[in-house]
Amino acid sequence: SEVRFRRLFEDGPTPQFLVVDGRIWQANAAAVALLQGATEVPLVNRPLSDVAPDLPAVLADLASSTTRREVSLVGPDGASIAADVRRTRI
């Protein structure tokens, strides 16, 4: 159900974000803690390329697959964070 999905997304320990038109539309608390940290720049509504420069190309490549790929995310301090990515349509 929608309530179960929302709870799983919002309260899950795994960083997750929803992307619409190349921008981060929604992010769970784990993603905010990892990628926004204590910075003043909110994670939501940022271009996906700000936090994952290679991710748009990887997601396009995964359009017809459920294979996972490793990408580098950019943390709030500019450090590289290895991440396992899978594209899922909802």
Side-chain angles (χ1 to χ4, degrees):
S1 76
E2 185 178 335
V3 172
R4 285 181 61 200
F5 171 78
R6 180 165 297 285
R7 207 176 254 155
L8 180 64
F9 175 81
E10 291 175 352
D11 300 334
T14 304
Q16 300 178 57
F17 45 88
L18 302 176
V19 177
V20 176
D21 297 328
R23 297 188 88 73
I24 298 172
W25 183 65
Q26 205 170 15
N28 71 357
V32 170
L34 179 68
L35 297 172
Q36 179 179 317
T39 67
E40 295 295 319
V41 181
L43 185 59
V44 173
N45 205 31
R46 285 175 61 188
L48 180 60
S49 59
D50 279 5
V51 296
D54 301 331
L55 194 52
V58 169
L59 290 176
D61 188 43
L62 292 175
S64 61
S65 170
T66 58
T67 305
R68 292 178 178 207
R69 293 291 254 325
E70 188 173 299
V71 298
S72 291
L73 305 178
V74 179
D77 60 355
S80 181
I81 302 168
D84 197 31
V85 175
R86 185 176 72 185
R87 177 181 178 154
T88 305
R89 286 194 162 273
I90 54 170

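Because only heavy atoms are used, hydrogens play no part in the values below, and waters and symmetry mates are left out as well, while side chains stay in.
- Within a 6.0 Å radius of CZ in Arg7, other residues, nucleotides and ligands contribute 12 heavy atoms or fewer.
- Rounded to the nearest 0.5 angstrom, Leu18 CG and Phe9 CZ are separated by 4.0 Å.
- A continuous path of Ile, Leu, Val, Met, Phe, Trp and Tyr side chains, each step under 4.5 Å between heavy atoms, connects Val71 with Val51, placing both in one hydrophobic cluster.
- In terms of heavy-atom proximity, Leu73 sits nearest to Ala52 at CD2-CB, 3.4 Å.
- With hydrogens and angles disregarded, a donor-acceptor distance shorter than 3.5 Å links the side chain of Gln36 to the backbone of Leu43.
- Of all heavy-atom pairs between Gly12 and Ala30, the closest is O-CB, 4.0 Å.
- In this structure, Ile24 CD1 and Leu48 CG are separated by 5.5 Å, a value rounded to the nearest 0.5 Å.
- Side-chain atoms of Asp54 never come within 3.5 Å of backbone atoms of Ser72 as a donor-acceptor pair (strictly under, hydrogens ignored).
- For Asp77, the CG atom counts as densely surrounded, since its 6.0 Å shell holds more than 12 non-hydrogen atoms of other residues, nucleotides or ligands.
- Across every non-hydrogen atom of Trp25 and Val44, the tightest pair is O-CG1, 3.4 Å.
- From Leu34, atom CG reaches atom OG1 of Thr14 across 11.0 Å, with rounding to the nearest 0.5 Å.
- When all heavy atoms are compared, the tightest approach of Gly75 to Ile81 is CA-CD1, 3.6 Å.
- Counting all heavy atoms, side chain and backbone alike, Ala31 lies closest to Gln16 at CB-O, 3.5 Å.
- Scanning all heavy atoms of the two residues, the minimum distance from Asn28 to Glu10 falls at CB-O, 3.9 Å.
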